[in-house]
Each structure stands twice: as structure tokens, then as C-alpha cells.
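First the structure, which I've put down as C-alpha cells, then a few questions once you've had a look.
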Amino acid sequence: MLADLTGWISALILILTISRQVYKQWRSRSTAGVSSWLFIGQLAASTGFVIYSFLVENWVFVATNAFMLLTAVVGQLIYLANRRREEKKQNLVSNTAQRNTEPA
């Protein structure tokens with residue numbers, strides 16, 4: 001009983017921490033300081049941990065790692081959307097600057 005309670009409390013802390021980071025990235029609309037490899041690695045590791053946790057019938061970790069897998073997918077999608085937005089903005093700035101420097 002105490003072991004399961006400790007596992008669920010720890011899982012909740014981890015989920016809240018990672019969720020907060022994904023939310024912060026979504027809210028900032030920026031990729032600054034975030035590597036796309038973070039979510040790719042998390043996706044791979046979480047997939048493996050879900051399978052492992054299921055095989056050893058550890059339901060605390062099945063639930064936790066399934067949620068971590070979901071946050072990896074959401075985080076990667078947000079990262080890609082933010083990167084596209086930043087590239088589009090950079091291209092717009094570059095094109096505007098180029099037009100302003102061309103001779104009339």
C-alpha cells in the first residue's frame with residue numbers, strides 16, 4: 001500500500017513537472033532553449049517504458065509512462081509548430097529587409 005502511494009505521488013509530481021514545461025513552451029510560442037531531441041528521446045523512452053511496465057504489470061508506471069508518451073507527442077507537435085512560426089517570421093523579415101535595400 002505504501003509502495004503504491006509513493007509511486008502514484010511520484011508519478012503525479014513528474015506529470016505536473018513535464019506538463020508545466022510543455023505548457024510553458026506552448027505559451028511562449030518559442031523554441032528557444034528547447035531541443036527537438038528532448039521530445040524525440042522522451043517519445044522513444046516512454047514507449048519502451050510503457051511496454052516494460054505492462055510486461056512487469058506495474059500499473060503505476062504504465063499510467064505514468066503512457067502520460068509521458070502523450071506529453072512527448074504534444075511537446076514535439078508544439079515544438080514543430082513554433083519552429084515553423086519562427087521560420088515564417090524570419091523569412092518575412094528577410095524579404096522585407098531585402099525589398100527595402102533594393103534600388104528603385
Exercise. Can Leu69 be reached from Val74 by stepping across I, L, V, M, F, W or Y side chains whose heavy atoms are under 4.5 Å apart?
Worked result: no

Problem set entry | Pairwise distance CE(Met68) to OG(Ser19) - rounded to 0.5 angstrom | 8.0 Å

For residues 44-59, tabulate all N or O donor-acceptor pairs below 3.5 Å that involve a side-chain atom, not counting sequence neighbours.
from, atom 1, to, atom 2, distance (Å)
Ser46, OG, Gln42, O, 2.9
Thr47, OG1, Leu43, O, 2.8
Ser53, OG, Phe49, O, 2.7
Ser53, OG, Asn65, ND2, 3.4
Asn58, OD1, Val60, N, 3.3
Asn58, OD1, Phe61, N, 3.2

Exercise. What residues join Leu2 in its hydrophobic cluster, counting side-chain heavy atom gaps under 4.5 Å, either direct or through other members?
Worked result: none

Exercise. With sequence neighbours left out, what residues match Ile9 under side chain to side chain contact (heavy atoms under 4.5 Å, CB included)?
Worked result: Leu5, Ile13

For this session: Output all residues satisfying side chain to side chain contact (heavy atoms under 4.5 Å, CB included) with Asn91, sequence neighbours left out; order by chain, then residue number.
Result: none

Would you mind writing out the side-chain donor-acceptor pairs for residues 77-86 within the sub-3.5 Å range, not counting sequence neighbours?
from, atom 1, to, atom 2, distance (Å)
Asn82, OD1, Arg85, NH1, 2.7
Asn82, ND2, Gln25, O, 3.2
Asn82, ND2, Ser30, O, 3.4
Glu86, OE1, Thr31, OG1, 2.7
Glu86, OE2, Ser30, OG, 3.4
Glu86, OE2, Thr31, N, 2.8
Glu86, OE2, Thr31, OG1, 3.4

Exercise. What distance do Thr64 atom OG1 and Leu14 atom CG have between them, rounded to the nearest 0.5 Å?
Worked result: 7.0 Å

Exercise. So which residues get pulled into Ile40's cluster when ILVMFWY side chains under 4.5 Å apart are joined, directly or through others?
Worked result: Trp37

Exercise. To the nearest 0.5 Å, what is the distance between CG (Leu16) and OH (Tyr23)?
Worked result: 14.0 Å

